[in-house]
Peer 1: 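One structure follows; several queries about it will come next.
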Amino acid sequence: MTKLRSLIQTLMALGTNAYLLFPFGGAVIYQGPLKAVCHPGLNCYSCPGALLSCPVGAFQNFMASLRFSTGGFPFTGAIVLGYLGFIGTTVGRMTCGWVCPFGFIQDLLHKIPTRKFSLWKPLRWVKYAVLGLMVVIMPIFFVDASGLGHPWFCKLIRPAGTLEGAVPLLFLKPSLWETVGLFFWNKLAVLILILVGAILISRFFCRVLCPLGAFYGLFSRISLVQLEFVEGNCVECGACLHRCPPGVVPNREFDSRECIMCLKCVDACHFRALDFSMRRPPGKPARVKRATSPL
């Protein structure tokens with residue numbers, strides 16, 4: 001399963017950033033019909049090779065338009081919200097573990113041989129504050145003189161935008177250096193901290209700052225797919241915990257909002273105490289199954 005996941009991550013990262021014409025001609029950023037579709041993971045709209053739009057940026061624009069739209073209800077933004085909600089109710093945070101390009105980058109960075117650290121668990125809640133403040137509240141209430149809201153998460157934090165968009169564009173078009181200001185240097189500093197954090201702590205950005213992961217996490221207890229725990233087969237060996245990128249304890253934290261469904265814990269368990277399955281109807285417990293022989 002681990003090899004299949006790595007293959008899918010690689011194909012999604014390359015396939016959704018496959019605009020190979022960006023080094024040539026004047027149209028550096030792809031703006032074709034595919035840009036009308038949001039990437040299910042965190043990927044920058046302004047990345048020169050990106051074929052799809054950023055879901056967090058689209059969500060922020062939707063929130064800003066709720067108050068200041070003059071053309072009626074912003075149905076396009078509502079479609080984005082429904083799109084993300086559909087993904088959340090279907091697979092929860094499995095998107096983070098399997099198709100998010102920036103999550104894939106963090107997985108690669110964490111393989112760099114160095115001392116590793118555990119994350120202080122209360123920091124998990126920061127991403128919900130980022131989602132509520134920067135993605136929902138600030139685009140509505142923090143506006144410019146014309147009454148226009150801004151995608152504040154993208155302007156202040158979004159590391160994928162800096163890594164995949166701003167930095168490549170500056171190298172491709174040196175003239176853009178004249179437009180660089182405080183926001184860029186702030187985001188560059190944030191990016192460096194996040195990249196260093198990803199080397200030292202598994203999935204650092206996903207666990208602490210990602211608003212998309214926070215949004216998908218809200219659906220973890222109702223998503224159609226889930227991990228099941230076979231209580232009688234568990235021998236408390238801890239193998240699943242040691243393999244879990246977001247530091248979940250699979251045999252104790254059922255339906256955790258931190259679980260990215262990478263299924264490393266399933267591969268690590270030699271006693272069949274964990275299983276990947278479809279969620280059962282209400283009233284039928286699915287988190288714990290009757291033990292079966294591991295042999």
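Quick caveat, the model's predicted, so the values are computed rather than measured.
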Peer 1: With Phe102, which residues qualify under ring-ring contact (aromatic ring centres under 6.0 Å, His included), at least two apart?
Peer 2: Phe205

Peer 1: Checking Phe171 now: which residues fulfil ring-ring contact (aromatic ring centres under 6.0 Å, His included) with it, not counting sequence neighbours?
Peer 2: none

Peer 1: Under the rule for ring-ring contact (aromatic ring centres under 6.0 Å, His included), what residues qualify as partners of Phe153, not counting sequence neighbours?
Peer 2: none

Peer 1: Taking ring-ring contact (aromatic ring centres under 6.0 Å, His included) as the test, write out the residues that go with Trp152, two or more places apart.
Peer 2: His150

Peer 1: Would you check if the side chain of Lys187 reaches a backbone N or O of Cys154 as a donor-acceptor pair within less than 3.5 Å?
Peer 2: yes

Peer 1: Output yes when Asp107 and Arg5 qualify as a salt bridge under the 4.0 Å nitrogen-oxygen rule, no when they do not.
Peer 2: yes

Peer 1: Give a yes or no on whether the backbone of His39 and the side-chain of Asn43 come within a donor-acceptor separation of less than 3.5 Å.
Peer 2: no

Peer 1: Regarding Glu228 and Arg279, does a basic nitrogen lie under 4.0 Å from an acidic carboxylate oxygen?
Peer 2: no

Peer 1: Would you name the heavy atoms of Trp98 and Gln9 that are closest together and state the gap between them?
Peer 2: O-CG, 3.3 Å

Peer 1: Is the ring pair Tyr19/Tyr30 parallel, tilted or perpendicular, if the boundaries are 30 and 60 degrees?
Peer 2: tilted

Peer 1: Hey, is the main chain of His110 close enough, under 3.5 Å, to the side chain of Lys116 for a donor-acceptor pair?
Peer 2: yes

Peer 1: Just to verify, what does Ile112 make a side-chain contact (heavy atoms from CB on, under 4.5 Å) with, not counting sequence neighbours?
Peer 2: Leu109, Ile199

Peer 1: Counting distance only, does the side-chain N/O of Lys35 pair as donor-acceptor with the main-chain N or O of Tyr45 below 3.5 Å?
Peer 2: yes

Peer 1: Identify each donor-acceptor pair in which a side-chain atom of residues 117-134 lies under 3.5 Å from a protein atom, sequence neighbours left out, and give them as a table.
Peer 2:
unit_1	atom_1	unit_2	atom_2	d
Arg124	NH1	Glu253	OE1	3.3
Arg124	NH2	Gly247	O	3.3
Lys127	NZ	Arg124	O	2.8
Lys127	NZ	Arg207	O	2.9
Lys127	NZ	Glu258	OE1	3.0
Lys127	NZ	Glu258	OE2	2.9

Peer 1: Quick one: do the Asp267 and Thr2 side chains pair a donor with an acceptor below 3.5 Å?
Peer 2: yes

